Each structure stands twice: as structure tokens, then as C-alpha cells.
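What follows is a short report on a single structure.
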Amino acid sequence: MRKNKVILSSVALLMAAGLAACSTGGSTGSTGSTDGASGGDKPSIAFIQGVIGDNFYISMECGVRAAAEELGAEVSVQGPQKWDPALQQPILSSVSATKPGAILIAPNDVSALQRPLEEAAKNSKIVLVDTTVENPEFAVSEIASDNLGGGAAAFEAIQQLVPDGGQVLVIDNQPGISTTEARVKGFEEAVGKDSKFEYIGVQFAKNQPAEAANIVTATLQRYPDLKAIFATNIFSAEGAATGIEQAGVKGKVQVVGFDAGPAQVDALKDGTVQAIIAQQPYDIGYQGVEQALKSLKGEGTEKKIQTGFTIVTADSLETDEGQAALYASEC
Ligand code: T6T
């Protein structure tokens, strides 16, 4: 597997990271075995995504499947249709009822999934991948990007894109998500230290691109001098790009988005978005399986693993490193 590393880069700098080739086929939805702790000869691992159809979790699934194939585990993959704890919770309950050896999960909410996960931990080893909960002490491992650092890096990118400063907006998913809240916090701490910038606040698009596009339109009416937007995940960034396009302010308002799905890449190519922050979902998934298997063998696990990110711009997009950092659409 590829080595995990933290990369705090400037917009101009792009370092190696990203997505290695995925191993086996299979899209999101329920696949593979969920038949108890043994999974036949191999241990069974259930991966519950934050939401299906999100290239970040598709890439993570590729890492999960590759590790399972290399290290010997049966895998099932499923997730909610929408980012919604009320939809994810029943999936967790039904998966837990089958008593898989381990569950890898990206919880949709820091508090709503706390108790259900504590219950599930009575049947299975729990590895938190990407997001976490308020008190993750039941988990054998937590693996996530440096989200706080990623938020700060997003602001550094904006500083370089808008050296004279001005008004900046953040578009987030919704409150209660550990990852994107940390990105917002990292961004807010950084913007608060630069008096050239006026932070006009965070708005929530609920993982809906159309909502994010509306936020851009409404914000531009109120703040016609808006200089930059930080969009904290795939769907906020996708919608921010649409809003910029619709308002005819491409290149006038700079956009930095988290994640590197195909829509972000298209937006980078056409100049609607100036920089994207690619996480390492493949590595998170791969390492999630490694930690789960260690725990099932009674070996010690790493309680917390932090993975890095790569800032990709139009200039670095076509480099090998830029291409390697992009998310997968299938394994
Ligand atoms: O940004 C990722 C993930 O890290 C976050 O927790 C939720 O949104 C994504 O899946 C991207 O859509």
C-alpha cells in the first residue's frame, strides 16, 4: 500500500499522494458476505459509507476492497442514500445484527450515532473511517484526514489567490459532522489572523449542490464584492461552482473546494474553481481494514491515524501527482 503522509502544501506546490489503482470491481450498494464473524474461512468486514454515490467513499471502498483481497477478508459495502443519521442508523443496526467481525463506518453525526455504535461494538470491532463521534473510545481505531489542517490550508490557498484580501464565505454540509466542522474551524482560526480578510460566515448546503448554488446566488446579492469561497466537501464545492457559473462571476470570485471528484476536476479545468484539496480516501479504507484485522487477531491497533491531503490546481492537475490524487468513480 502507499504510505500515509501529511502534506501541508501551498497552492503552487503539489506533492505525491492520491489514489492507487483499485483492485476489484463492484459499485456501492450491498455486496459480499455479511454472514457473521467468520465470513467462512475469512473474517468478515462491513463497510458503511457516509453516503452512497460520493466519489470520496467510492475511492475509500476501493482501498477497503484492495486490502481485503490482499490481506484476506470478506467485505460488504453499503450506505445511506442521503447524508442523514436517521437513514444510516437502521443500516448500522441491520449490519450489526449479522455480527460481522468488524465494521468500518463513517458516522453521519457526532451524537446521533454514538449510542448505536456503542451497541454495535458489543458484536463487532469498530473502525471509524473519515468521520467520528463525540466519544469514540469504543473504536479500535479512528482514521481520518488532517481536517483542521485542511481548513487552514484552504485559507492559505485563498490568501495566495486573493493577496489583497476581501470578503470570504464558507459553504459547509450541516452541523454535527466531525470532518467538515474541523475544516471550518481550521479555516476560521486562520482567517481570524489575517485582517485583510472579512469572514462573512458559514452557510449549510445539507450536501445538496442545488442548495450550495442558491447560497452563492443569495450571498452575491448581499455581498457583491465577495472575493472567495471555501466549500468544505464534494457537494458544497459542486454547487458553489454552479452558483459561480450562473452568476457569471467565474474567475472574479475564487473558489477553493475540499475533495477531488470528477465534478471538481471539471470545475478546475474550466476555471470555475481555482484549487481543490484532495484527501486520501483509498488509504483511509486500506488502513481501516488493516486495523480491523489486527484487532480481530488480538494484536494492538493504532487508536488514531491521520492521513494527508494534496492541493491540486489547474497547473498541477495534469502532472502524475495531480492525477494520482483524484478520486475514483469505480474500482
Ligand atoms: O469530504 C468528504 C468526507 O471527508 C466528509 O466527511 C463528507 O463529505 C465527503 O464525503 C465529500 O463529499
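Each ligand, and each atom within it, is numbered from 1 in the order the structure gives. Treat the numbers as computed from the prediction; the structure is a model and nothing was measured.
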More than 12 heavy atoms of other residues, nucleotides or ligands under 6.0 Å from CD of Q81: is that the case?
-> no
Under the side-chain contact (heavy atoms from CB on, under 4.5 Å) test, which residues partner A139, sequence neighbours left out?
-> L128
Where does the angle between the aromatic ring planes of F155 and F187 fall among parallel (under 30°), tilted (30 to 60°) and perpendicular (over 60°)?
-> perpendicular
Heavy-atom contacts under 4.0 Å to ligand 1, chain-then-number order, include exactly D54, F56, Y57, W83, D130, T131, T179, R183, N233, I234, F235, D259, Q279
Is there a donor in the side chain of N123 and an acceptor in the side chain of S96, or the other way round, less than 3.5 Å apart?
-> yes
Would Y327 and Y282 satisfy ring pair (Phe, Tyr, Trp, His ring centres under 6.0 Å), going step by step from the backbone distance to the final call?
-> CA-CA 8 Å; Y327 297 175; Y282 181 98; over 10 Å; no
Would you call R65 and E61 a salt bridge, taking side-chain N to carboxylate O under 4.0 Å as the test?
-> yes
